Amino acid sequence: MWMQITAIDMNKDTYEMGLPVIKKAGVEHKINFIQSLALTVLDELLENHENRGSFDFAFVDADKVNYQKYHERLWQLLKVGGIIVYDNTLWFGTVAMPEESTKEELKPGRLHTIEFNRFLAADNRFQISQVPLGDGITICRRL
Ligand SMILES: C[S@@+](CC[C@H](N)C(=O)[O-])C[C@H]1O[C@@H](n2cnc3c(N)ncnc32)[C@H](O)[C@@H]1O
């Protein structure tokens, strides 16, 4: 079965950092890297109706402020039974800390992450699992 990865990052350096490993694994030809803002690309993908309901998996590790916007687009791109994984959903553990114990630089991300976690917990289009691994990942299966 043909598998292809669409990789989006506004900074090409991030992709190139991993490129030697990708080449060593012999999978470069499977990856379509697009240097852009993620929302722009997701909206373009949605314009082609063939893309809707066609993706098996999405991994999101970009700007936390937009996680909910990514979720609404990815929901439409994903197959039923497909998976989205969101990274950093514990935000250095601060989601479980009182605000006053949180370092100043982590406060905006903490609020966005708490709000996003609440939103996901109430989203009945998905079955979710919060995994306390690293900085926390949330696995969402489209129902
Ligand atoms: C924490 S890094 C993760 C990189 C990659 N997932 C990894 O694990 O190696 C976050 C990346 O998101 C990218 N990024 C941030 N905001 C973005 C946006 N709005 N659209 C596309 N990429 C974005 C940054 O350029 C950065 O490379």
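Numbering of residues begins at 1 and proceeds along the displayed sequence. The analysis underlying the following values was restricted to heavy atoms, covering all of them including side chains, and did not include hydrogens, waters or symmetry mates. Counting starts at 1 for both ligands and their atoms, following the listed order. Since the model is a prediction, treat every value here as computed from it, not as a measurement.
- In this structure, the side chain of T113 engages the main chain of G109 through a donor-acceptor pair within 3.5 Å.
- Side-chain contact check for K64 and Y67: at least one donor-acceptor pair (N or O, by modelled atom type) lies under 3.5 Å.
- The single protein non-hydrogen atom nearest to atom 25 (O) of ligand 1 is D9 OD1, 2.7 Å, given as residue, atom name and distance.
- Residue-level proximity to ligand 1 for T14 is carried by the side chain, the only part with a heavy atom below 4.0 angstrom.
- In summary, the atoms of ligand 1 found under 4.0 Å from a heavy atom of S36, numbered by their order in the structure, are 20 (N), 21 (C).
- Between R125 and L143, the closest side-chain pair of non-hydrogen atoms is not below 4.5 Å.
- Y70 and D63 are linked by a side-chain donor-acceptor pair at a separation below 3.5 angstrom, with hydrogens and angles left out of the test.
- Per-residue contacts place D63 under 4.0 angstrom from the following atoms of ligand 1 (heavy atoms of the residue considered): 15 (C), 16 (N), 17 (C), 18 (C), 19 (N).
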Check the pair F116 / V95 against side chain to side chain contact (heavy atoms under 4.5 Å, CB included), numbers first and verdict last. CA-CA 11 Å; F116 182 65; V95 295; over 6 Å; no

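- Checked for salt-bridge contact, E104 and K107 meet the test: a charged N lies under 4.0 Å from a carboxylate O.
- Annotation for ligand 1: atoms under 4.0 Å from non-hydrogen atoms of Y70 are 18 (C), 19 (N).
- Protein heavy atoms are absent from the 4.0 Å sphere centred on atom 9 (O) of ligand 1.
- Atoms CD and NE2, from Q4 and H29 in turn, are 10.0 Å apart once rounded to the nearest 0.5 Å.
- Neither the backbone nor the side chain of Y15 comes within 4.0 Å of ligand 1, counting heavy atoms alone.
- The protein heavy-atom contact nearest to atom 12 (O) of ligand 1 is A62 CA, 3.6 Å.
- For atom 2 (S) of ligand 1, the nearest non-hydrogen atom from the set I8, D61, L42 comes from D61.
- Distance check, rounded to the nearest 0.5 Å: CD1 of I139 to CZ of F57 gives 8.5 Å.
- Close N/O approach between A38 and ligand 1 is found [any backbone or side-chain N/O within under 3.5 Å].
- Residue M10 has at least one N or O atom closer than 3.5 Å to an N or O atom of ligand 1.
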